[in-house]
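Comments concern the structure below.
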Amino acid sequence: MNIYHDTTIINPLLVTLSKFRWVLYIISAFILFAADKAPYGRFVVVLLMLVMILLGLIYKNLIVLLMQSGLVTLARYLLAPDSIPYIDSYFLVWVYYFIVGAAISVLVSNYIRQQQINVELAASFSRLLDSRDPYTAMHSENVANYAKIIAEELGLSKQKVKSVYLGGLLHDIGKISIPEAILNKKEKLSDDEFTAIKAHPNVGYNTLKNLSNYKNTGILDIILHHHERYDGKGYPNGLKGDEIPYLARIAAVADAFDAMTTSRVYRGKKNIEAALAEIQKSKGTQFDPAIADAFIKVVEKNKHSLIKKKH
C-alpha cells in the first residue's frame, strides 16, 4: 500500500522538502535537544507544528498521520511539558495535530487529483482534434510521448517532463479553428490556406493563455513556438536558436518525427531510418543539434518497440 503522495506533480519546492525530509527531521531534533527547554518552549511548539505540516505534505494515509501526530505530541510533551499540563490536554493536542496534518494531506490530494484531471482533459482535447483528420489520428499523443522520452533522455526534471508531455498533447489545439476542407486537402494549399494553417500556433496560444495552470510551465511556449526553426525561418515569430523556448525545441523534433513517420492525405510515410536521417540532416537548420542528437540516440535504443507501435 502506497502511503505517500505522488510528489512528481506537486510544486518543485514541496518535492524538494519531501525528498530531504529526513535531513529536516534530524536538524529539527538537534535544535530541540540542544536548546534549553524553558526559554524555547514556544519555539518547540512552532517547530513541531511545522513538522506536522510537512508530514501532511508527505503522507496521504490518515492512519499513518494519526500515528505521526501522536509522536509529535509526545515530542512536545517531553520537550515543552509546560505546554501540556494535563492528560486531557495531551489528547486534545494530539487531535489538533492530527487535524492539521490531515487537512494539509487532503488539500495535497485534491491538488494532485486536479493535476491528473488536467492531463486527462488535455488528452481528451487532443483526441477530439485528431479525430477530425483520420490521417493524423493519435498524432498529438505520439508527439507527447516522443517529447517525453526526449526530455527524459536530456535529464530534465519530472516537472519539465510533465510540462513537455502536456504541451505535446495540446501543441496543435489551434487547428480546431481550421476548416476540415483545408486540413484534409490533397492538393497543394493556396497562399490563403497556408496562412490559415500557420495561424494555428497563435490561435492555440490565445485560447489557453489565461489558464493559470499553464502559465510559467513551458506548455504555452510549446503551443506557440513548436513550428519555429533553429535557423530562424520558422513561424509564427521567426525566432532563432536559443531565442526559441527550450521545451518548444523539444516538441519541434517530436512533431516532425511523427509527421514524417505517419501517412498524410497528401503523401505517404517515411520509415523510421529515413525519418532519423532527415532529422540528422536538419540539425542546426530546423532543429536544435543537441536535442536532435538526444532523440536519435533514444530512438536507436528503442527502435524495435517504436516500429511495433507504428504498424
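Scope of the values below: all heavy atoms of this structure, side chains included, with no hydrogens, waters or symmetry mates.
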Going by the salt bridge (Lys or Arg N to Asp or Glu O under 4.0 Å) test, which pairs reach into residues 222-235, not counting sequence neighbours? R229-D231
Taking only residues two or more places apart in sequence or in another chain, which ones pass side-chain contact (heavy atoms from CB on, under 4.5 Å) with A290? D288
Same cluster (ILVMFWY, side-chain, under 4.5 Å), M67 and L71: no
Heavy-atom closest pair (A102 atom, L62 atom, distance to 0.1 Å) is CB-CD2, 3.9 Å
Return the CD1 to CG distance between I150 and N145, rounded to the nearest 0.5 Å. 11.0 Å
Which pairs would a plain distance check flag for residues 199-212, meaning a side-chain donor or acceptor within less than 3.5 Å of a matching protein atom at least two apart in sequence or in another chain?
from: H200; atom 1: ND1; to: I197; atom 2: O; distance (Å): 2.6
from: H200; atom 1: NE2; to: D172; atom 2: OD1; distance (Å): 3.1
from: H200; atom 1: NE2; to: H226; atom 2: NE2; distance (Å): 3.4
from: N206; atom 1: ND2; to: N202; atom 2: O; distance (Å): 3.1
from: T207; atom 1: OG1; to: V203; atom 2: O; distance (Å): 2.6

Taking the hydrophobic residues Ile, Leu, Val, Met, Phe, Trp and Tyr, and joining any pair whose side-chain heavy atoms are under 4.5 Å apart, which ones share a cluster with L239? I244
Does D255 reach the main-chain N or O of A251 with its side chain, forming a donor-acceptor pair under 3.5 Å? no
Using the test side-chain hydrogen bond (donor to acceptor under 3.5 Å, both in side chains), find all partners of S69 that sit at least two apart in sequence or belong to another chain. W94
Evaluate T73 against Y96 for side chain to side chain contact (heavy atoms under 4.5 Å, CB included), listing each step before the verdict. CA-CA 9 Å; T73 306; Y96 175 66; over 6 Å; no
Exam field: side chain T262 to backbone A259, donor-acceptor pair closer than 3.5 Å: no
Mind listing the closest non-hydrogen atom pair of L78 and P81 along with its distance? O-CD, 4.0 Å
Are I87 and V72 connected, step by step, through hydrophobic side chains (Ile, Leu, Val, Met, Phe, Trp, Tyr) whose heavy atoms are closer than 4.5 Å? yes
CE on M49 to CG on L47, rounded to 0.5 Å: 11.0 Å
Using side-chain heavy atoms (C-beta onward) and a distance below 4.5 Å, is Q286 in contact with I279? no
Nearest heavy atoms of A254 and Y146, plus distance in Å: CB-CB, 3.6 Å
Do L224 and V143 share a hydrophobic cluster, counting only Ile, Leu, Val, Met, Phe, Trp and Tyr and linking them when any side-chain heavy atoms are less than 4.5 Å apart? no
Residue pair A151 / V161: nearest heavy atoms and the distance that separates them: CB-CG2, 3.9 Å
Each residue besides V106 in its hydrophobic cluster should be listed here, by chain and number; the cluster joins Ile, Leu, Val, Met, Phe, Trp and Tyr at side-chain heavy-atom distances under 4.5 Å. none
Take M52 and L65 through the test side chain to side chain contact (heavy atoms under 4.5 Å, CB included) and record every step on the way to the result. CA-CA 9 Å; M52 201 63 235; L65 281 173; 4.1 Å; yes
Steps toward salt bridge (Lys or Arg N to Asp or Glu O under 4.0 Å) verdict (E120, R113): CA-CA 10 Å; E120 292 165 5; R113 180 56 187 154; 3.5 Å; yes
Compile the donor-acceptor pairs under 3.5 Å between side chains in residues 215-223 and protein atoms, sequence neighbours left out, one pair per line.
from: T217; atom 1: OG1; to: Y214; atom 2: O; distance (Å): 2.8
from: T217; atom 1: OG1; to: I219; atom 2: N; distance (Å): 3.2

Close side-chain approach of Y97 to L55, heavy-atom, < 4.5 Å: no
Just do the side chain to side chain contact (heavy atoms under 4.5 Å, CB included) check on L156 and V164 with the steps written out, would you? CA-CA 10 Å; L156 301 190; V164 83; 6.0 Å; no
With sequence neighbours excluded, give me every ring pair (Phe, Tyr, Trp, His ring centres under 6.0 Å) pair touching residues 231-255. H227-Y235
Can you find a pair of side-chain heavy atoms, one from P179 and one from I182, that are under 4.5 Å apart? yes
Using the side chain to side chain contact (heavy atoms under 4.5 Å, CB included) rule, take L74 and Y90 through it: C-alpha gap first, then chi angles, then the decisive distance, then the call. CA-CA 8 Å; L74 179 61; Y90 184 93; 3.6 Å; yes
Hey, are the side chains of K148 and K162 touching, using non-hydrogen atoms and a 4.5 Å cut-off? no
S163 side chain near L247 side chain, heavy-atom distance below 4.5 Å: yes
What pair of heavy atoms forms the shortest contact from A275 to T261, and how long is it? CB-CG2, 3.6 Å
I3 side chain reached by K60 side chain, heavy atoms, under 4.5 Å: no
Distance (rounded to the nearest 0.5 Å) between K297 NZ and E300 CD: 12.0 Å
Distance in Å, L66 CG paired with N61 CG, rounded so as to fall on 0.5 Å steps: 10.0 Å
Least distance between heavy atoms, I178 atom then A196 atom: CD1-O, 3.8 Å
Would you please name every residue forming a side-chain hydrogen bond (donor to acceptor under 3.5 Å, both in side chains) with D191, sequence neighbours left out? none
Report the residues that fulfil ring-ring contact (aromatic ring centres under 6.0 Å, His included) with F98, sequence neighbours left out, ordered by chain and then residue number. none
K160: partners by side-chain hydrogen bond (donor to acceptor under 3.5 Å, both in side chains), with sequence neighbours left out: none
With sequence neighbours left out, the residues meeting side-chain hydrogen bond (donor to acceptor under 3.5 Å, both in side chains) with E193 are K185, S190
State the CD-CD1 distance between Q68 and I63, to the nearest 0.5 angstrom. 13.0 Å
How about Y230 and F287: are their ring centroids closer than 6.0 Å? no
Say whether, by atom type as modelled, one donor and one acceptor occur between the side chain of S105 and the main chain of Y59 under 3.5 angstrom. yes
With rounding to the nearest 0.5 Å, note down the distance linking CE in M260 to CD1 in I272. 11.0 Å
Test H171 against H225 for side-chain hydrogen bond (donor to acceptor under 3.5 Å, both in side chains), laying out the working first. CA-CA 9 Å; H171 75 285; H225 298 299; over 6 Å; no
Using side-chain heavy atoms (C-beta onward) and a distance below 4.5 Å, is V299 in contact with F295? yes
